[in-house]
Participant: 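The following block contains the structure, expressed as structure tokens.
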Amino acid sequence: MAVKRTPFIAGNWKMNLDHLQSIAFVQKLAWSLSDARHDFADAEVAVFPPFTDLRSVQTLISADSLPISYGAQDVSAHDSGAYTGEISGAFLAALDCRYVIIGHSERRTLHGESDDEVNAKVLAAHRHGLIPVLCVGETAEDLEAHGPSAVPVAQLRAALEGVDGSKGLVVAYEPVWAIGSGQAATPAQAEQVAAALRGVLAEVFSEETAQATRVLYGGSVKAANIASFLREPNVDGALVGGASLDIDEFSSIARFKKHVGA
Ligand code: PGA
């Protein structure tokens, strides 16, 4: 049964743009999308700035009623207490964040985040009404040793332990070898893994939840390749890193339907 999932184009800024730069950037992005008469029914557009930008982004988006969503790049597994340097989901909710990226490969690799920790963060996000953008993906060595879907599927299963499927979720398949490398997966590769991930969602939650959940592809997405991914039935959008820092490029990615004339 075909279910309509609104495509989701998410910009992961990583550790780029301070709070002043974030204001100018979001304002210009909104102008660019509005000049191009972007239809947000064609694609929801979201930005994921650093924590220190979120208050500025919230103020701008709410003051100007901009139709852009936003969220944080990480969240603590804990709600409050002696966790120096951590950010509670309660604080993100207080800034009206709708989403939070969890389990990005840079967190898993550079900060040693385990599957258990990622799972605890998904549960924490849900406690505070945030929708996790849960990242999974295999390294080049994993791909060689286990094939394309085994590692992302195992990561997804582990992350969903005890999770209530009715609380909202976006899954992002990001092969580690494709991130920042300029070497994106092929649309067929992305589709194969996205379909396997949707299968896990059906098994863990229900077919209905699986059909309603957006599964993104991420890794060297740009305006020139976005349409080929979105043509795949199980790919519902993209998590964009480098190209999300270029307003024209990101806005063009969001308008993928227009530039292929679909
Ligand atoms: P990239 O990053 O688009 O620069 O490859 C994607 C990501 O890390 O989310």
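Index from 1, following the sequence. Indexing begins at 1, ligand by ligand and atom by atom, following the structure's order. The analysis underlying the following values was restricted to heavy atoms, covering all of them including side chains, and did not include hydrogens, waters or symmetry mates. Every value quoted in this text rests on a predicted model; they were computed, and no experiment measured them.
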Participant: What I want to know is whether Ala243 and ligand 1 share at least one N or O pair that is separated by under 3.5 angstrom.
Facilitator: no

Participant: How does Asn12 reach ligand 1, by side chain, by backbone, by both or by neither, if only non-hydrogen atoms under 4.0 Å count?
Facilitator: side chain

Participant: Atoms of ligand 1 less than 4.0 Å from His104 heavy atoms?
Facilitator: 7 (C), 8 (O), 9 (O)

Participant: Donor-acceptor pair, distance only, cut-off 3.5 Å: does the side chain of Glu191 make one with the backbone of Asn234?
Facilitator: yes

Participant: Give the intermediate values and the outcome of salt bridge (charged side-chain N to carboxylate O under 4.0 Å, His left out) for residues Lys121 and Asp74.
Facilitator: CA-CA 8 Å; Lys121 288 183 174 194; Asp74 188 25; 2.9 Å; yes

Participant: Is there a path of hydrophobic side-chain contacts, each under 4.5 Å between heavy atoms of I/L/V/M/F/W/Y residues, joining Val151 to Leu143?
Facilitator: no

Participant: Can you pull out the closest protein heavy atom to atom 3 (O) of ligand 1? Residue, atom name and distance to 0.1 Å, please.
Facilitator: Gly241 N, 2.8 Å

Participant: Is ligand 1 less than 4.0 angstrom away from at least one heavy atom of Ser220?
Facilitator: yes

Participant: How long is the gap from CG on Leu60 to CZ on Arg55, to the nearest 0.5 Å?
Facilitator: 12.0 Å

Participant: Please could you name the atoms of ligand 1 that Gly219 approaches to less than 4.0 Å, counting only its heavy atoms?
Facilitator: 5 (O)

Participant: So is Gly218 touching ligand 1 or not, going by heavy atoms under 4.0 Å?
Facilitator: no

Participant: Between Asp39 and Arg255, does any NZ, NE, NH1 or NH2 come within less than 4.0 Å of an OD or OE carboxylate oxygen?
Facilitator: no

Participant: If the contact criterion is a heavy-atom separation under 4.0 Å, does Lys222 count as touching ligand 1?
Facilitator: no

Participant: Could you walk me through whether Glu44 and Ser69 pass side chain to side chain donor-acceptor pair (under 3.5 Å), step by step?
Facilitator: CA-CA 8 Å; Glu44 178 182 358; Ser69 307; 2.7 Å; yes

Participant: Do me a favour and list the nearest non-hydrogen protein atom to atom 9 (O) of ligand 1 with residue, atom name and distance?
Facilitator: Glu174 OE2, 2.7 Å

Participant: Should you measure from each heavy atom of Gly242, which atoms of ligand 1 turn up under 4.0 Å away?
Facilitator: 1 (P), 3 (O), 4 (O)

Participant: If you group Ile, Leu, Val, Met, Phe, Trp and Tyr whenever their side-chain heavy atoms sit less than 4.5 Å apart, what else falls in with Phe48?
Facilitator: Phe8, Tyr99, Ile101, Ile131, Val133, Val170, Leu216, Leu239

Participant: Using a strict 4.0 Å cut-off to heavy atoms of Gly180, name the atoms of ligand 1 that fall inside it.
Facilitator: 1 (P), 4 (O), 5 (O)

Participant: Can you find an N/O atom of Ser181 closer than 3.5 Å to an N/O atom of ligand 1?
Facilitator: no

Participant: When you compare the side chains of Glu141 and Trp177, does any donor N or O come within less than 3.5 Å of an acceptor on the partner?
Facilitator: no

